Amino acid sequence: MAEIILKSITKEYENGFQAVKGINLEIKDNEFVILVGPSGCGKSTTLRMIAGLEDISDGELFIDGEKVNDVAPQNRDIAMVFQNYALYPHMTVYQNIAYSLKIKKVPKDEIDKRVKEVAASLGLEDLLDRRPGQLSGGQKQRVAMGRAIIRKPKAFLMDEPLSNLDAKLRGQMRVEIADLYQRLNTTFIYVTHDQTEAMTLGTKIVVMKDGEIQQIDNPTNLFNYPENKFVAGFIGTPTMNFFDATIVEENGNLYLETQDGKITVTEAKETKLREGNWVGKKVVVGIRPEHVMLDDEAHCAFKGEVNVFELLGSNAIVYIDTAEGRIVMNTPHVKKHEHGEKIYLSVLEEKLHIFDPETERTITN
Amino acid sequence: MNTRYSDKRSLSVRILSIIGKVLILGVTSMFTAFPFVWMVLSMLKTKTEVMNPNSFFPAVPQWSNITKVLFDSNIPKYMWNSTWVSIVIVAIQIVTGAMLAYALVFLKFRTNKILFTIVMATYMLPVAATYIPSYIILANWNMLDSFRGIIISSTVSIFGIFLLRQGFMQIPKGLVEAARMDGATHWRALWEVVCPMTKSSFITFGLMNFISTYNNYMWPSLITKTKDVYLVSQGLRSEFLANTAVNIDWALVMASSAVVIVPLLVLFAFTQKWFINGIGGETGIKG
């Protein structure tokens, strides 16, 4: 149970490289915050600064109202689960889980009781006498979580905890972490580069790039209302399609003109575009693959040839080469399209995202 | 035919290589072990037999040589001095060495690299160059001719720092960070997480420095003059060799030498497994 506030936090290394550039972030009690972004975006560094494992070059960090910039990690009362689990190889599972309590000089009976409770909740009862070397990846992961849970800390920090597991186990553990969050009812800060984890686990997602925060929002808003092209492209699989278009006006209505056709602009978007004086100018348009569909030649926005057809069972992903570049369509129609087949595509107009080509900021969603 | 020929050929090559290895290792071992064997045999000889090149084995084993050393000389006392002084020195060296090695490997500070360079540079310094300054410091502190002086002048071992640093570098930094997050101070992380994982480096360090301190001759003989504070090598010399170039009872010298190394042999027997691991850089952590 903790409120964590980052005020203009910067991390600059000795060689002058800035890994984190003055970020501001407010994490409320009981929130599940996800720091997500590509490799090198500063998400792990941010987490490590919250943990106290990295010095803060500039800015202020508050935990529960107390400034902790210079407080040692052991005095911050937060637990961390590491990417490679970091279990002590010379200790048994029991000793690993109990270590933090032993340091706190908790009485032995109490330690025993709590270790057994945690072990039971994580299904580790039969493994307490084993050493980490004798455990599978998933079991190690559970021990690492047990080690964090037993302390009942103010907040849990998790640094890509699932990235060393195979896909199936990752899915399983994701559900377990979600369950744990419900049960523990405390603050979680979770770092990942996997946007599925971000979208499924987080109550608040922080998208980072090059040491800066791009957007902070809940998963739904992040998906539906990205604030810039980077966020739009980063969240969602397959990734959003981007193409260039010109805003044209015909008979009082606005259209997006592509090389192959025209796309009507909805009323809500029209207002924004007129307000920003975008008529007659070039913009970047984004559309998610699930909002691209087959159409006939007369009404289409794109003409193209099928390059790859991927059948995923209940849906299919089709990669189409058009004059605007590669367009990806995620369709529930699983009829196979052959390589080289000519097809015509239109888009769901209300789902278009329009970006400023220079600043890449969203003009309208 | 060809295959069979090459099979035969490879077999003979293999036999030859085995014979070669056995010969080289055998001869080297003999050279290494000979002084030891010779010492053990000589300690049971008479004074004249020792100097006689024609008698390799003692005609009649002189067990009295050993009893003389054990009961009629100061050797046991010097052994005791050497043993406890070495234990204290090694214990201090382990603590100081581990602390510095931990700082060099796990702590981030600006002068980390410079500090390591300075530490290594002092290793390059000839020991003899440090004798005079060390002597003056001990004299100023009034610690000449005392156990305190011997101990305090050997509280840090550069070799040990280097050995432990190499061992610590094998440990993932995440483990120390995990310990810190679990609430451990650096001190606890060092002794409860890092140390158990680099046990062999510690044992190698302890054993090698115990042996060198136990046998140390030059420095203690420079700063001590009272027999009470003699270490064993110095004691051995004063007991049988000092002030005389003739009429040395070499059989007794050999008997004393043999007795003196018994504690070292016992120690080595117990720690052999770890010792080899430590030298090889194996820390017992895999994968």
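We use all heavy atoms of the structure for the numbers below, so side chains are in, but hydrogens, waters and symmetry mates are not. Since we're looking at a predicted model, the values are computed, not measured. Convention: sequence-line order gives letters A, B, ...; per-chain numbering from 1.
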Contacts of Tyr94(A) meeting ring-ring contact (aromatic ring centres under 6.0 Å, His included) (sequence neighbours excluded), chain-then-number -> none

Pairing residues for Phe188(A) by the ring-ring contact (aromatic ring centres under 6.0 Å, His included) criterion, not counting sequence neighbours: Phe32(A), Phe156(A), Tyr181(A)

Would you find more than 12 non-hydrogen atoms of other residues, nucleotides or ligands less than 6.0 Å from Met39(B) atom CE?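 Atom CE in Met39(B) is packed in, count exceeds 12.
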
Assess the side chains of Ser163(A) and Gln83(A): does a donor N or O sit below 3.5 Å from an acceptor N or O? yes

Does any donor atom in the side chain of Asp129(A) or Thr92(A) lie under 3.5 Å from an acceptor atom in the other side chain?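 Side-chain D/A pair, Asp129(A) to Thr92(A): absent.
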
Write out, in numerical order, the residues from residues 102-111 of chain A with a heavy atom short of 4.5 Å from a heavy atom in chain B.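 If one takes a 4.5 Å heavy-atom cut-off, the residues of residues 102-111 of chain A near chain B are Lys102(A), Ile103(A).
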
Summary of salt bridge (charged side-chain N to carboxylate O under 4.0 Å, His left out) pairs that have at least one residue in residues 46-57 of chain A, sequence neighbours excluded: Lys11(A)-Glu54(A), Arg48(A)-Glu54(A), Arg48(A)-Glu177(B), Glu54(A)-Lys108(B)

Honestly, is Arg147(A) close enough over Tyr88(A), meaning NZ or CZ under 6.0 Å from the six-membered ring centre and within 45° of the axis? yes

Give, as side chain, backbone, both or neither, the part of Ala79(A) having an atom under 4.5 angstrom from any heavy atom of chain B. backbone

Checking heavy atoms, do the side chain of Leu87(A), its backbone, both or neither come under 4.5 Å from chain B?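 It is the backbone, since no side chain atom gets that close.
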
